[in-house]
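One structure below.
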Amino acid sequence: DTAVSQTPKYLVTQMGNDKSIKCEQNLGHDTMYWYKQDSKKFLKIMFSYNNKELIINETVPNRFSPKSPDKAHLNLHINSLELGDSAVYFCASSQDHGGSETQYFGPGTRLLVL
Amino acid sequence: GESVGLHLPTLSVQEGDNSIINCAYSNSASDYFIWYKQESGKGPQFIIDIRSNMDKRQGQRVTVLLNKTVKHLSLQIAATQPGDSAVYFCAENAGGTSYGKLTFGQGTILTVHP
């Protein structure tokens, strides 16, 4: 049983293209997140949604647009991809968005922009 | 492997030894701390957490120690096994209006030799 799943696992694309990454959780959680992990393994939060409402929006270029069709799904659309967008993107979820909620991570999407 | 060129702190131990991984956190307002384990090609996996009203918490083979005075967190792994080889991250949450925003440390590479 996969708790937090992401598709695709690998994504290779050209600069300037638009792409989407999908995330689904079957834990019944209310809150979902997107994180970016760079080549130095540094993990940084990008967005969070609680029950389809945007809660956290870090300083992320507006080429990145999250969409939550329902509380079990949080997708990430990226316009006009740039070389610097190459990274591993992780989705996570937690029961709620309180300060002491454990976040559970998906397997990651490895994005390579050429 | 993935660790080449990362320049993360590293800890190399023999199977059966105890391991101690350290983390300095930055925000004195943080009230919730988590340790994650990330194996090669996978997402971060929850290990253990601790709230700021505690200074020690034990799990199965793992213990987390929190020293708020010096803003230091440590993860102790007893009888380390080859399967414990991974990158270990500490994360802090400032609570209040941080709404689940986790700030991750840089990570430590643990290598366990049989």
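Numbered from 1 within each chain, the chains take letters A, B, ... in sequence-line order. A quick note: this is a predicted structure, and the numbers were derived from the prediction, not measured.
One distance of note links CD1 of B:I34 with OG1 of A:T102; it measures 5.0 Å at 0.5 Å rounding. Distance check, rounded to the nearest 0.5 Å: NZ of A:K44 to NZ of B:K101 gives 5.5 Å. Here A:K40 contributes atom NZ and B:Q106 contributes atom CD; the two are 11.5 Å apart, rounded to the nearest 0.5 Å. Taken to the nearest 0.5 Å, the CG atom of B:N93 stands 10.0 Å off from the CD atom of A:E101.
A centroid separation of 6.0 Å or more is found between the aromatic rings of A:F105 and B:F46.
In this structure, A:K22 places its NZ atom where only 12 or fewer heavy-atom neighbours from other residues, nucleotides or ligands lie under 6.0 Å away. Other residues, nucleotides and ligands contribute over 12 non-hydrogen atoms within 6.0 Å of the NZ atom of A:K71. For B:E15, the CD atom counts as densely surrounded, since its 6.0 Å shell holds more than 12 non-hydrogen atoms of other residues, nucleotides or ligands. Shown here is A:M15, whose CE atom has no more than 12 heavy atoms of other residues, nucleotides or ligands within 6.0 Å.
In the hydrophobic clustering of this structure, B:Y88 groups with B:Y25; members are Ile, Leu, Val, Met, Phe, Trp, Tyr whose side-chain heavy atoms approach within less than 4.5 Å, directly or through other members. There is no path of hydrophobic side-chain contacts, each under 4.5 Å, that joins B:V87 to A:F42. Both B:I21 and B:V112 are assigned to one and the same hydrophobic cluster, defined by single-linkage of ILVMFWY side chains at heavy-atom distances under 4.5 Å.
With a threshold of 4.5 angstrom between heavy atoms, B:F33 does not approach chain A through any atom at all. Within the 4.5 angstrom heavy-atom criterion, no atom of A:S94 approaches chain B.
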Item to complete: Apply side chain to side chain contact (heavy atoms under 4.5 Å, CB included) to B:L102 and A:Y35, showing your working.
Response: CA-CA 10 Å; B:L102 285 180; A:Y35 285 83; 3.5 Å; yes
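You'll find the side chain of A:F90 reaches within 4.5 Å of the side chain of B:Q38, heavy atoms only. Between A:Q37 and B:F89, the closest side-chain pair of non-hydrogen atoms falls below 4.5 Å.
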